[in-house]
Amino acid sequence: MSKLKEKGITIINADPKVAGKDFHTIYESEDADMVICKTFDQLKSLRSSSGKSLGYFKKVLSNADVDEIERASQAGAEFVIVDASDWKIIPLENIIAKLHKSKTKVFTTAKSSREVATMFAVLELGVDGVILSTDSEDEVDKARQQLSTARFPIKPAKIVEIKDVGTGERVCVDTASMMGMGEGMLVGSRSNFMLLVHNESVGSSFTSPRPFRVNAGAVYCYTIAPDGKTRYLSEIESGSEVWVVNKEGSARRAVVGRSKIETRPLRLIRAEIEGETGTVILQNAETIRLITKDGKLLSVTEIKVGDEVLGYAKPASGRHFGMEVDEYIVEK
Ligand SMILES: O=C(O)C(=O)C[C@@H](O)[C@H](O)[C@H](O)COP(=O)(O)O
């Protein structure tokens, strides 16, 4: 319990007598903050007598159980807990579709952190909450990490040098998500200095859009992954996770479907953000674009010294196998 508290967990599925005052509880007891009712009669009688949040638990084995959940919502359940152990996704999709415009929240159960992440993505809307049953502290941490988002302080980066550097291998990161205008990946030669490289959702008379792709940069470049570690672009492969970052700095996770490493002409771009200087080496082609400080796309073939594009910088620190280390480091 004390470890859960340290981790910032505020609500648990436990008897209030055991949970004490440190947590909100969701439990089959009228003393709980969120009371799980076992029958419609209990739901109805508590509705008129208690000011508590009341819900209904149902093991879902058939469509009749799905209908019963809908009736619980109509009977005033503020939440339903859908416990589906056999077919999990399709029944939940049906329940979310039926209830997402009602006032009833849909919760479900999970046995692993991976399952938690899946449940929050079912039918795009996802469930409103997941009760994770685990005896592993690590799984609690991983579940929280799966759900975390990030925000990077995006700032204007002034271009100070552009140099064609011959050929090398660059990496196209093809994600399993569609990216929109203003979204891309942070890429740089140093973990603490990156430019926001735009995705390829914009086509041209010579190219079709590839809205799932960021032509991210040369193989040695870093990007930051959702686990907080840096990744060399050359290490990214099918199944890796990357941050897709928008021009305001909000990041969302995307899974990589494929990365393509091919030999292409490269262009080094050196830029400066509030006294920090850094570089990135990108493919030299019209389809690779950065974002100007007023949100316009700027191809690396058109970029000039003095232009300002979006990037991210923080004071230098070392990285060892991707993990941040406070050590003396000079990267040029
Ligand atoms: O080959 C190139 O030149 C490029 O890498 C430009 C890419 O940015 C572009 O996405 C590519 O040409 C599209 O080709 P595709 O066959 O991978 O769709």
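Ligands are counted one by one from 1 in listed order, and the atoms in each one are counted from 1 as well. Values below: every heavy atom of this structure, side chains too, minus hydrogens, waters and symmetry copies. Computed from a predicted model, the values in this text were never measured in an experiment.
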Contact table, ligand 1 N/O with protein N/O, distance under 3.5 Å:
residue	atom	partner	partner atom	Å
ligand 1	1 (O)	Arg264	NE	2.9
ligand 1	1 (O)	Arg264	NH2	2.9
ligand 1	3 (O)	Gln283	NE2	2.9
ligand 1	5 (O)	Arg170	NH2	2.5
ligand 1	5 (O)	Gln283	OE1	3.2
ligand 1	8 (O)	Glu200	OE1	3.3
ligand 1	8 (O)	Glu200	OE2	2.4
ligand 1	8 (O)	Asn215	ND2	3.0
ligand 1	8 (O)	Thr287	OG1	2.9
ligand 1	10 (O)	Glu200	OE1	2.5
ligand 1	10 (O)	Glu200	OE2	3.4
ligand 1	10 (O)	Arg213	NH1	2.7
ligand 1	17 (O)	Arg213	NH1	2.9
ligand 1	17 (O)	Arg213	NH2	3.2
ligand 1	17 (O)	Lys260	NZ	2.4
ligand 1	18 (O)	Arg210	NE	2.5
ligand 1	18 (O)	Arg210	NH2	2.8

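Aromatic ring centres of Tyr222 and Tyr232 lie closer together than 6.0 Å. Aromatic ring centroids of Tyr56 and Phe79 lie 6.0 Å or more apart.
The pair Glu308-Lys293 counts as a salt bridge, with a side-chain nitrogen and a carboxylate oxygen less than 4.0 angstrom apart.
Residues forming a salt bridge (charged side-chain N to carboxylate O under 4.0 Å, His left out) with Glu262 (at least two apart in sequence, or on another chain): Arg170, Arg264.
Both Val116 and Ile89 belong to a common hydrophobic cluster when Ile, Leu, Val, Met, Phe, Trp and Tyr are linked at side-chain heavy-atom distances under 4.5 angstrom.
Put simply, the side chain of Thr175 never gets that close to the backbone of Val256: no donor and acceptor are under 3.5 Å apart.
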